[in-house]
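Order of listing sets the numbers, starting from 1, for every ligand and every atom in it.
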Amino acid sequence: MKREKICDLLKTEKPIDNILLKGWIRTKRNSKTFFFIEVNDGSCLKNMQIIVDQKTPHYSEIKKLTTGSAVAVWGNLVSSRGGGQKWEVQSTKMDIISLAQETFPLQKKRHTDEYLRTIAHLRPRTNKYGAIFRIRSELAWGVHQFFKEKGFRYIHTPVITGSDCEGAGELFRLTTLNPPIPMTPDGKIDYSKDFFGMESNLTVSGQLSAEMLALALGDVYTFGPTFRAENSNTRRHVAEFWMIEPEMAFCDLNGNMDMGETLIKHLITFVIDNCAEDLALCARFVDKTLMKTLENIVSADFVRIPYRTAIDILLESEQSFSFAVAYGADLQSEHERYLTEIHFKKPVILYDYPKTIKPFYMRLNDDDETVGAMDILVPRIGELIGGSQREERLEMLEKQMAVSDLSSESYWWYLESRRFGTVPHSGFGLGFERLLMLITGVSNIRDVIPFPRTPGNIEF
Ligand code: 4AD
Ligand code: MG
């Protein structure tokens, strides 16, 4: 017999006889000759109310059901007599698939996010985290749908690499060497003896590989896990996160900004249209201003200003920041949030950053000082997208690599792409978890990824 899903049953117009559903008990209420249970099967936020009466086989046995137990329920879907729900199931038979122990921690009461992080293996069974992870799933779908409609090719870039795309040195090194570690005569680790014969690490970005594919297939994107050994315990950094990275041939910085803005608006609209129930829960229990924030973003023209103008605004703001504002310094989260939340009250795209604070691959502008970078900042999060037009000119790229102390030998293949049919091209990276924070109103990145990796935390 086929298992029905609650999300489908709730959409039905007519009663249905002889159905089977399976799920976990959320609550149970006893009456004299029968009891009610609320079952959730994860297919949607709503539970199905089940009525089990004395006539049900093994009644006294199944009456011992505890919260968290897994059950199979056979019965008839009927109009609910009580308020609160349209349908309920009059059970004719019930099997306990497994009885949860009495110590099941998710009894009916509200728990703090901090506590739920300590039971990350169970928190998906709460309303809130169930909703967040369903939205996460839909959103991933929406990403593929967006690019498919725009004619992009979905590519897979390596998780294990020998390069450091961002040059920030926040790499998780990968090795199969065991002590005693082989050393070179000059006292360094001898990676020629390691698995790949050279130093290797988990990728911080698929960009360099994506560029190679863009220079063959035109418009491509990659959407996969990336890793950063940043030792920062903030509410918007994790060590393992997912990044959406489109890369477009024959595209300049303006085209890149257009794509970033379009993508963000599309994905927010997609979730509003496809996850109404789960989003409503977030708007009710996570952030009361959520829907207004999202509607503002969708309807706004994002502000576009050069980095220099942003610094001017910050310097004139008379705001007291913990980190000093200066030309040539990177913006801190507080600066980003001031610009997008207080000054402009909408998303802001900053472009043309000083070359000294950006990676080697960004295209040098004619002023010889700035590069064609663009970051998209959004309220509550700060930086959501980081991207650039890429340096497609061989000599310029070589020069910039020398400044960044990168060996042209190890990046020979990247340089070679500039020798054979190089073209202007651009792309960006959008942090998937940060987008989820924006869309759900969740304020800590640890709560939008099922098993967050942060310094000192890899238990689950
Ligand atoms: O600005 P980033 O470092 O850009 C790149 O890696 C480029 N190579 C992408 C490209 O052009 N293809 O990172 C891109 C985005 C950030 O804007 C942010 O949303 C997210 O990735 N991000 C993080 N999200 C969570 N935790 C972290 N530690 C993150 N670091 C970056
Ligand atoms: Mg960045």
Which option, [options], owns the non-hydrogen atom nearest [atom]?
atom	options	answer
atom 20 (C) of ligand 1	Gly431, Pro452, Ala168	Gly431
atom 15 (C) of ligand 1	Gly427, Ser426, Gly429	Gly429
atom 11 (O) of ligand 1	Arg434, Arg390, Glu247	Arg390
atom 24 (N) of ligand 1	Phe241, Trp242, Phe432, Phe227	Phe241

When you look for heavy atoms under 4.0 Å from ligand 1, do you find them on the side chain of [X], its backbone, both, or neither?
X	result
Leu384	backbone
Cys165	side chain
Ile385	backbone
Glu166	side chain

Worksheet entry | Close-contact set for ligand 1 against Glu230 heavy atoms, below 4.0 Å |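 Near Glu230, the atoms of ligand 1 are 28 (N).
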Item to complete: Would you mind listing which atoms of ligand 1 come within a distance below 4.0 Å of any non-hydrogen atom of Ile445?
Response: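 Those atoms are 25 (C).
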Worksheet item: Which residues and atoms, counting only protein N, O or S, are under 2.8 Å from the Mg ion (ligand 2)?
Response: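 Atoms qualifying: Glu383 OE2.
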Are the aromatic ring centres of [X] and [Y] under 6.0 angstrom apart?
X	Y	result
Tyr411	Phe360	yes
Tyr221	His144	yes
Phe223	Phe432	yes

Looking at ligand 1, does [X] have a heavy atom less than 4.0 Å from it?
X	answer
Glu383	yes
Tyr361	yes
Arg236	yes

Note, [X] side chain near [Y] side chain (heavy atom, < 4.5 Å):
X	Y	value
Asp352	Asn365	yes
Leu281	Lys128	yes
Ile305	Val348	yes

So, [X] and [Y]: side-chain donor and acceptor under 3.5 Å apart, yes or no?
X	Y	answer
Thr293	Asn296	no
Asp330	Tyr307	no
His425	Gln389	no
Asp194	Thr175	yes

[atom]: nearest protein contact (heavy atom, Å):
atom	answer
atom 26 (N) of ligand 1	Val238 N, 3.1 Å
atom 12 (N) of ligand 1	Glu245 OE2, 2.7 Å
atom 3 (O) of ligand 1	Arg228 NH1, 2.8 Å

Worksheet item: Is the shortest side-chain N to carboxylate O distance from Arg173 to Glu199 below 4.0 Å?
Response: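 Salt bridge flag = yes for Glu199 with Arg173.
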Worksheet item: Would you find more than 12 non-hydrogen atoms of other residues, nucleotides or ligands less than 6.0 Å from Phe195 atom CZ?
Response: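 Check fails, neighbour count at 12 or below.
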Discussion item. Restricting to side chain to side chain contact (heavy atoms under 4.5 Å, CB included), what partner residues turn up for Glu398, sequence neighbours left out?
Written reply: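 Side chain to side chain contact (heavy atoms under 4.5 Å, CB included) list for Glu398, sorted by chain: Leu394, Leu415, Arg419.
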Discussion item. Quick check on salt bridge (Lys or Arg N to Asp or Glu O under 4.0 Å): which of Arg434, Arg236, Arg380 does Glu336 satisfy it with?
Written reply: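 Of the listed options, the one satisfying the test is Arg236.
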